[in-house]
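Presented below is the structure to which this report refers.
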Amino acid sequence: MTATPNGSAATPVSAPVSSPVGSPMSPPVGAKANPAANSTVSDIDGMRFRSVLGRFATGVVAITAIDQETAKPTGLAANSFTSVSLDPPLVAFCVAHTSSTWPRLRVADRLCINILSELQLDVCRQLSMKGGDKFATIDWTTAPGGSPVIKEALAWIECTVESEYPAGDHMIIVARVHHLDKHHEGEPLLFYQGAYGRFDG
């Protein structure tokens with residue numbers, strides 16, 4: 001399996017976002033300085049980085065919207081998704097700077113984050129493709145705000161972009177939740193060590 005979620009890192013990225021992007025993090029009082037903490041990005045081998053962080057399993061989401069230029073649904077697949085805040089209700093995800101779909105999604109009135117099920121690997125592949133009609137073979141309905149809800153997704157979360165933070169080769173997107181619901185029973189689609197899978201047992 002060579003495809004990876006479009007708009008996200010090839011493997012999960014677990015960078016802390018509590019400190020301002022680009023600012024150094026001071027160690028706790030009394031803690032000894034770690035020499036490795038001063039390493040630059042170029043000191044870390046990219047393949048090793050992916051291999052180590054790839055041991056963190058994630059789910060896969062489809063971030064969808066209605067393209068304002070074409071009035072048609074579009075979207076991308078990502079594995080860097082998390083809840084952020086209960087009050088106000090916020091979620092976050094990461095999108096690569098190289099994504100050609102994100103510029104069309106970010107200006108939409110509403111976005112929908114669809115939590116994909118184990119049966120939706122084809123949906124993930126479709127949304128990971130470059131160009132073409134990404135929804136050509138995807139069945140969908142609409143959330144209350146008009147964003148696309150993908151059929152058989154486990155759940156959907158309709159939101160708007162609250163803020164964006166540049167972080168290396170990605171953007172961290174914080175989004176405010178307006179509507180959400182469970183949608184379909186089943187098991188999640190998982191992304192682990194560069195491949196897709198499911199729970200066993």
What pair of heavy atoms forms the shortest contact from [X] to [Y], and how long is it?
X: Ala92; Y: Val84; answer: CB-CG2, 3.4 Å
X: Ile66; Y: Gly146; answer: CG1-O, 3.6 Å
X: Gly75; Y: Thr101; answer: O-CG2, 3.5 Å
X: Leu111; Y: Ala65; answer: CD2-CB, 3.8 Å
X: Ala143; Y: Val149; answer: N-CG2, 3.6 Å
X: Ala78; Y: Cys94; answer: CB-O, 4.4 Å

Residue pair [X] / [Y], side-chain heavy-atom distance below 4.5 Å:
X: Ile113; Y: Cys159; answer: yes
X: Leu154; Y: Lys182; answer: no
X: Trp156; Y: Ile115; answer: no
X: Val123; Y: Leu116; answer: yes

Go through it in stages, so that I can follow the logic: the residues are Phe135 and Asp133, the test is side-chain contact (heavy atoms from CB on, under 4.5 Å), and I'd like the CA-CA distance, side-chain angles, deciding distance and then a yes or no.
CA-CA 5 Å; Phe135 268 74; Asp133 182 358; 3.9 Å; yes
Starting from the C-alpha separation in whole Å, work towards a yes-or-no answer on side-chain contact (heavy atoms from CB on, under 4.5 Å) for Leu189 and Tyr196.
CA-CA 7 Å; Leu189 178 63; Tyr196 297 93; 4.1 Å; yes
Looking at [X] and [Y], would you say the former's side chain and the latter's main chain have a donor-acceptor pair under 3.5 Å?
X: Glu158; Y: Gly145; value: yes
X: Lys151; Y: Trp140; value: no
X: Asn114; Y: Ile150; value: yes
X: Asp181; Y: His183; value: no
X: Thr64; Y: Cys112; value: yes
X: His97; Y: His170; value: yes
X: Ser99; Y: Val95; value: no
X: Gln68; Y: Val107; value: yes
X: Lys134; Y: Gln126; value: no

Using 0.5 Å steps for rounding, measure from the [atom1] atom of [X] to the [atom2] atom of [Y].
X: Arg106; Y: Ile173; atom1: CZ; atom2: CD1; answer: 7.5 Å
X: Ser163; Y: Met171; atom1: OG; atom2: CE; answer: 9.0 Å
X: Ile63; Y: Ile157; atom1: CD1; atom2: CD1; answer: 10.0 Å
X: Cys124; Y: Met129; atom1: SG; atom2: CE; answer: 11.5 Å
X: Glu162; Y: Leu90; atom1: CD; atom2: CG; answer: 5.5 Å
X: Arg48; Y: Leu53; atom1: CZ; atom2: CG; answer: 11.0 Å

Honestly curious: do Leu76 and Val161 fall in one hydrophobic cluster under the side-chain, below-4.5 Å linking rule?
yes
Apply side-chain contact (heavy atoms from CB on, under 4.5 Å) to the pair Leu127 and Ile138, showing each step before the final yes or no.
CA-CA 9 Å; Leu127 295 179; Ile138 296 176; 3.9 Å; yes
Is Arg104 paired with Asp67 through a side-chain N to carboxylate O contact shorter than 4.0 Å?
yes
Decide yes or no on side-chain hydrogen bond (donor to acceptor under 3.5 Å, both in side chains) for Ser117 and His184, but give the supporting numbers first.
CA-CA 8 Å; Ser117 73; His184 183 78; 5.6 Å; no
Please work out which of the three classes, parallel, tilted or perpendicular, describes the rings of Phe93 and Trp102, given edges at 30° and 60°.
perpendicular
Any chance you could lay out the side-chain contact (heavy atoms from CB on, under 4.5 Å) test for Leu105 and Thr74, step after step, and finish with the verdict?
CA-CA 8 Å; Leu105 294 176; Thr74 189; 3.8 Å; yes
Can you confirm whether more than 12 heavy atoms, excluding those of Glu185, are under 6.0 Å from its CD atom?
no
